[in-house]
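Below you'll find the structure, written out as structure tokens, and then a few comments.
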Protein chains: 2
Amino acid sequence: MASLRKTDRRTEDEAHIEAPDLEEFIGYNLKRAYVIVQADFRRALGEDGFAPRVFSALSLVVQYPNVTQSGLARMLGIERSGLVAIVDELEGRGLIKRTNVPGDRRVQALVPTAKGKTSYVEARAVVRAHEDRLLSNLSTEEKATLLTLLGKIRSHED
Amino acid sequence: MASLRKTDRRTEDEAHIEAPDLEEFIGYNLKRAYVIVQADFRRALGEDGFAPRVFSALSLVVQYPNVTQSGLARMLGIERSGLVAIVDELEGRGLIKRTNVPGDRRVQALVPTAKGKTSYVEARAVVRAHEDRLLSNLSTEEKATLLTLLGKIRSHED
DNA sequence: TATTGTTATACTCTATAACTATA
DNA sequence: TATAGTTATAGAGTATAACAATA
């Protein structure tokens, strides 16, 4: 990806533009930053590693065992129809199980397997290493500030 | 979108989890924040309004007239094949024109039309209003800090 | 040989709508 | 009537590979 700051032969006559309008927009900067982080995430997790959303789903199943699919979809902010493929993948890999809930036969509670728990802990270490490396030009305080500010945007969730 | 902090009937026994692992990850928070901002962007621009990437492309053509498609793709961080549909849309709406460049007949320089320039200025006002409204719980200083921190992540571009 | 714009194609992510089995 | 999980389907957005025209 090329920086907007680079000079293009045909735009030299526009060199007086200090910073393009786009750079002032939070949304544009969020998108560009997210593209970098998720690409590095995929690189770090490898060819057969978890996609970001699969990692997120596994994380929540491990930490909220017996969560329902609808509940998980709500937590992730996606439709429950979109969760089926994710749960299929995790179950196919033997990392979680769909289990029946006594008292409500509509529900499939999701529980991590032993393998799922260890896989998650391993993957979490890889993800932490990826973020530590990629964001090494941010101080601990800056990272905390970034989380706080993103949290303010996320306060609009629901 | 439901907050992770909300209690689910089946996860009440996990209430001792202070904050899910996911919340510590910059990537996850970036994604969630971006989803909110881009959804509000689309709502603000309306049914027939610009999609974010189309707005971005128009912005750059207005500010860098005579930019080539390859140059624009580089600036936006996407493949030049992906730019064709965007330029088609903008040209179809009469907002930009593909023009021949004397001296290199491979190149299509992109220039905004008069309508394109005024449409851009109008859209930019709508986008600014959308961000001002959506991010009104962030101070001017916090917004500047956020841009700075996102810029540090974006320093990995290229 | 390399580059520009283009097409064809495929893949990921996500949403909507409708179905079924339960409640 | 409403809800949980599922399926079918479609639409963005993006990437890769190949091609013709031109450099």
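Residue numbering restarts at 1 for every chain, and letters A, B, ... go by the order of the sequence lines.
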Of B:I86, B:V87, B:L90, B:L110, the residue whose pairing with B:L58 passes side-chain contact (heavy atoms from CB on, under 4.5 Å): B:L90
Atom [atom1] of [X] and atom [atom2] of [N]: how far apart are they, to the nearest Å?
{"X": "A:L45", "N": "C:dT12", "atom1": "CG", "atom2": "P", "answer": "15 Å"}
{"X": "A:E89", "N": "C:dC11", "atom1": "CD", "atom2": "C1'", "answer": "14 Å"}
{"X": "B:N100", "N": "D:dA21", "atom1": "CG", "atom2": "P", "answer": "15 Å"}
{"X": "A:I78", "N": "C:dT12", "atom1": "CD1", "atom2": "P", "answer": "15 Å"}
{"X": "A:L72", "N": "D:dT6", "atom1": "CG", "atom2": "C1'", "answer": "15 Å"}
{"X": "A:R43", "N": "D:dA15", "atom1": "CZ", "atom2": "C1'", "answer": "15 Å"}
{"X": "B:L110", "N": "C:dT4", "atom1": "CG", "atom2": "P", "answer": "13 Å"}
{"X": "A:I86", "N": "C:dA15", "atom1": "CD1", "atom2": "P", "answer": "10 Å"}

Heavy-atom nearest pair, B:S119 first then B:L95, reads OG-CD2, 3.5 Å
Would you name the heavy atoms of B:N100 and B:P102 that are closest together and state the gap between them? O-CD, 3.8 Å
For A:G82 and for B:R98, find the nucleotide of DNA chain C with the closest heavy atom, then tell me which residue's nucleotide is more 5'. B:R98
Write out a two-atom table: protein N or O, nucleotide N or O from nucleotides 18-23 of chain C, distance below 3.5 Å.
from   : atom 1 : to     : atom 2 : distance (Å)
C:dA23 : OP1    : A:R105 : N      : 2.8

Of the candidate nucleotides C:dT7, C:dA15, D:dT16, which contains the atom at the shortest distance from the side chain of B:V84? C:dT7
So what does A:Q108 touch, heavy atoms closer than 4.0 Å: a base, only the sugar-phosphate, or nothing? sugar-phosphate
Test log, rule side chain to side chain contact (heavy atoms under 4.5 Å, CB included), inputs A:T68 and A:R80: CA-CA 10 Å; A:T68 66; A:R80 65 198 199 287; over 6 Å; no
Using a cut-off of less than 4.0 Å, is there contact between a side-chain N or O of A:Q69 and OP1 or OP2 of D:dT6? yes
Could you verify whether a donor N or O on one side chain and an acceptor N or O on the other, from A:R32 and A:Y28, lie under 3.5 Å apart? yes
Heavy-atom check, side chain of B:H130 versus side chain of B:V37, under 4.5 Å: yes
Would you mind reporting whether A:D132 and A:K143 have side-chain heavy atoms less than 4.5 Å apart? yes
If you restrict it to nitrogen or oxygen atoms, what contacts under 3.5 Å exist between nucleotides 8-13 of chain D and the protein, and what is each distance?
from   : atom 1 : to    : atom 2 : distance (Å)
D:dG13 : OP1    : B:R42 : NH1    : 3.3
D:dG13 : OP1    : B:R42 : NH2    : 2.8
D:dG13 : OP2    : B:R53 : NE     : 3.2

